[in-house]
Undergrad: 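Have a look at the structure that comes next, please.
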Number of protein chains: 2
Amino acid sequence: MALDNRKKEVLQAIVDDYVATCEPVGSKALIDRHDFMVSSATLRNDMAELERMGYLEQPHTSAGRIPSDKGYREYVNSLMKVDRLSDAEGKEIKEKLSVSFDEIAELLKAASSALADQTGYISLAMTPKLTSSYLTQLKMLMIEPGKVLVVVVLSAGVVKNRMVRIPDFLTQEQIAQISNAVEQGLSGLPLSEISLITVATAAKDNQKVELPEALLNQVLYEAYTAIKQADNLDVYMQGKHRMLALPEFSDTKRAQGLFDTLSHDGLVAGYVDEVTKQDEKKEYMIRIGQEITLEGLDDCSFITTTYNVGGKVAGNIGVIGPKRMEYSKVISQINFVRMMLDEKLKQ
Amino acid sequence: MALDNRKKEVLQAIVDDYVATCEPVGSKALIDRHDFMVSSATLRNDMAELERMGYLEQPHTSAGRIPSDKGYREYVNSLMKVDRLSDAEGKEIKEKLSVSFDEIAELLKAASSALADQTGYISLAMTPKLTSSYLTQLKMLMIEPGKVLVVVVLSAGVVKNRMVRIPDFLTQEQIAQISNAVEQGLSGLPLSEISLITVATAAKDNQKVELPEALLNQVLYEAYTAIKQADNLDVYMQGKHRMLALPEFSDTKRAQGLFDTLSHDGLVAGYVDEVTKQDEKKEYMIRIGQEITLEGLDDCSFITTTYNVGGKVAGNIGVIGPKRMEYSKVISQINFVRMMLDEKLKQ
DNA sequence: TTTAGCACTCTTACTCCTCGAGTGCTAAAC
DNA sequence: GTTTAGCACTCGAGGAGTAAGAGTGCTAAA
């Protein structure tokens with residue numbers, strides 16, 4: 001059963017009002033604040049109907065209505081008016097992102113910070129997903145005998161490094177030769193295809209110095225793990241503490257549940273990944289309330305989108321806020337930040 | 001006016017009880033739970049006296065007493081019994097810290113995590129203060145034309161790196177020569193003595209290739225800023241969300257104030273530094289309630305200590321918890337972690 | 001299909017009251 | 001001088017009762 005026009009308007013008005021006030025909306029308040037050309041009694045009938053259909057909920061008999069998850073979903077899918085970002089706001093974001101960045105991590109931190117400041121909610125920025133990227137450089141730098149810094153550079157502009165231990169007596173020259181060999185053999189190869197075996201064959205095919213097999217393998221193993229750990233996503237999250245100011249989290253129990261989950265970066269990153277796959281074709285992904293399968297986020301909504309590096313889908317940015325969120329505003333903000341990132345990462 | 005023995009016992013008992021229950025302690029409850037050989041009336045007199053002297057406070061006339069900041073201070077300074085860590089707990093911490101670490105940062109993260117888990121409060125671990133350390137290595141690694149990774153290695157075992165931009169046409173060889181020259185000229189020099197000028201003279205004294213002055217200066221400037229930013233402390237903080245479970249933070253306003261401040265790493269690091277200087281000679285530094293000059297931490301206590309690298313005072317670890325904290329337990333935990341760090345960083 | 005009217009429900013806020021924990025003080029006992 | 005028993009007093013927590021107000025659903029008429 002579809003919603004007739006007035007019911008749509010009613011639902012829309014209720015969501016708008018509830019977002020603004022965080023108070024259940026009654027038929028009278030609705031009449032007062034909007035130009036419905038009908039009486040409150042008519043709205044009451046509509047509201048009762050909307051409740052029967054699952055779009056609205058009533059905290060108690062004598063309170064007004066609040067949108068259900070389904071109500072928000074309908075709102076987001078077809079009712080809300082998409083905001084244009086004000087010029088002032090666009091300029092502000094632009095300024096915050098006009099950092100000179102030499103590593104993508106810095107830009108993402110700035111993006112996350114801008115998003116948190118601008119929305120007033122929790123922001124999220126994740127380094128590019130590396131499955132789609134490939135190795136461009138591998139350097140091993142002797143820091144002191146037995147200690148080597150492995151620097152891994154990936155096509156998406158990500159640079160990671162990691163300190164590893166190797167036998168004391170190896171020289172910088174030997175190490176450099178090994179890393180050069182591996183780099184030659186592997187550069188251009190997608191990360192997903194790099195395994196201990198491909199590393200080993202790369203080294204053996206391209207290597208000039210002779211080293212005992214066992215020794216070589218030890219170094220290669222360290223190189224391999226360094227490459228593999230470069231695969232880890234970094235998650236930048238900001239603005240958590242702002243949630244405490246919202247009435248929905250005035251109960252510390254809820255806030256605790258939320259923070260508990262959010263303190264596990266991996267969980268969040270995994271969920272974003274899952275959502276991104278589900279809504280592959282969409283410009284942005286929205287999950288509302290119970291739709292979110294992470295514990296403690298039932299009162300939240302989660303909006304994410306993907307940014308591109310060199311024109312290819314790379315990583316995610318997103319916002320976590322209360323269900324009672326200014327969806328259209330947040331969407332336009334997140335979109336703007338995404339566009340800025342895309343542009344800066346076009347190179 | 002000094003406290004007589006019984007008053008000391010009374011204060012100690014009140015702190016112990018209040019820490020355990022978070023409820024104001026009355027004279028009767030005190031008699032019930034402890035073996036005072038006097039009547040409740042006597043204790044009442046003592047408590048009134050202790051209040052007059054500023055060690056206790058009364059939330060309202062008809063409630064029991066709670067310790068004031070001064071009361072906690074007295075408790076910490078001379079009343080509390082120092083706990084020995086249980087073997088089980090020691091073992092647990094040991095296990096958590098038995099990560100194989102190649103960078104000091106990893107060890108500190110583990111230490112912070114162990115401390116948070118063990119105390120149930122907020123833990124803190126800071127990378128070594130670098131004013132006392134000196135440069136041991138400086139490497140510049142060309143990632144792509146115009147982009148160079150500067151790796152700075154410091155005596156305290158800290159490795160930092162930073163991507164910088166340089167003119168496109170410089171070659172890896174030129175860059176390497178410059179960085180070698182700078183490294184030769186500066187290695188062994190305390191960070192505090194490194195300035196743009198010392199960097200420049202180091203380069204010019206040791207350099208073999210000739211580059212136009214302006215070009216060279218540009219590269220040196222980038223090297224210099226990379227060295228300088230290696231000076232930034234990293235702060236690892238964990239367990240914030242646990243504070244929400246405490247009754248003193250059931251009011252979200254307070255929690256918000258706390259989290260607001262804690263989200264500024266720099267503030268916290270600066271404060272730790274200040275406290276460390278004030279209590280230079282002490283084994284650990286304690287700040288209670290209003291003694292803490294950070295906003296929003298009036299209901300907290302802050303315990304920090306220093307760990308050593310190679311036998312020299314290096315960085316700080318610490319715990320932030322409610323004033324109503326199990327001081328002796330936390331102190332022994334923090335001490336244990338400190339000892340473990342010292343040992344691991346003896347090298 | 002819409003509307004006016006009305007009885008009904010339920011929350012919130014306020015007041016009143018009692019209960020109990022805890023106090024301070026006094027006067028007597030040690 | 002110190003300790004103790006006794007007692008009046010204070011104050012907050014919690015429960016009961018009540019009134020106000022917001023909002024509803026339903027009915028009957030337009």
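Chain identifiers are assigned alphabetically (A, B, ...) following the order of the sequence lines, protein sequences preceding nucleic acid strands; residue numbering begins at 1 within each chain. All values below were derived from every heavy atom in this structure, side-chain atoms included, with hydrogens, water molecules and symmetry-related copies excluded.
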Undergrad: Mind listing the closest non-hydrogen atom pair of B/Tyr121 and B/Arg324 along with its distance?
TA: OH-O, 4.2 Å
Undergrad: May I ask which nucleotide in the shown strands pairs with D/dA30, Watson-Crick or G-U wobble, both distances under 3.5 Å?
TA: C/dT1
Undergrad: Hey, is the side chain of B/Ser39 poking within less than 4.0 Å of OP1 or OP2 on D/dT4, counting only N and O atoms?
TA: yes
Undergrad: What does C/dA29 pair with, Watson-Crick or G-U, if both distances are under 3.5 Å?
TA: D/dT2
Undergrad: Is it true that a side-chain atom of A/Ser68 and a backbone atom of A/Gly54 form a donor plus acceptor pair closer than 3.5 Å?
TA: yes
Undergrad: Going by atom types only, do A/Thr252 and B/Ser250 share a side-chain donor-acceptor pair under 3.5 Å?
TA: no
Undergrad: Under 4.0 angstrom, heavy atoms only, what part of the nucleic acid is A/Ala41 near: base, sugar-phosphate, or nothing?
TA: base
Undergrad: Indicate the atoms forming the closest heavy-atom contact of A/Arg242 with A/Gly120, along with that distance.
TA: CD-O, 3.2 Å
Undergrad: In the structure shown, which nucleotide is the Watson-Crick or G-U wobble counterpart of C/dG24, with both distances under 3.5 Å?
TA: D/dC7
Undergrad: Just checking A/Ser27: base, sugar-phosphate only, or nothing, at a heavy-atom cut-off of under 4.0 Å?
TA: sugar-phosphate
Undergrad: From CG of B/Asp46 over to C1' of D/dG1, roughly how many Å is that when rounded to an integer?
TA: 14 Å
Undergrad: May I have the distance from B/Arg65 (atom CZ) to D/dC11 (atom C1'), rounded to whole angstrom?
TA: 14 Å
Undergrad: Would you tell me whether B/Tyr327 and B/Ser301 have side-chain atoms, one donor and one acceptor, within less than 3.5 Å of each other?
TA: yes
Undergrad: For B/Ile331 and B/Val82: C-alpha separation, side-chain torsions, deciding distance, then whether side chain to side chain contact (heavy atoms under 4.5 Å, CB included) applies.
TA: CA-CA 8 Å; B/Ile331 289 172; B/Val82 178; 5.7 Å; no
Undergrad: Along DNA chain C, 5' to 3', what are the outermost nucleotides having an atom less than 4.0 Å from a heavy atom of chain A?
TA: C/dT2 to C/dT11
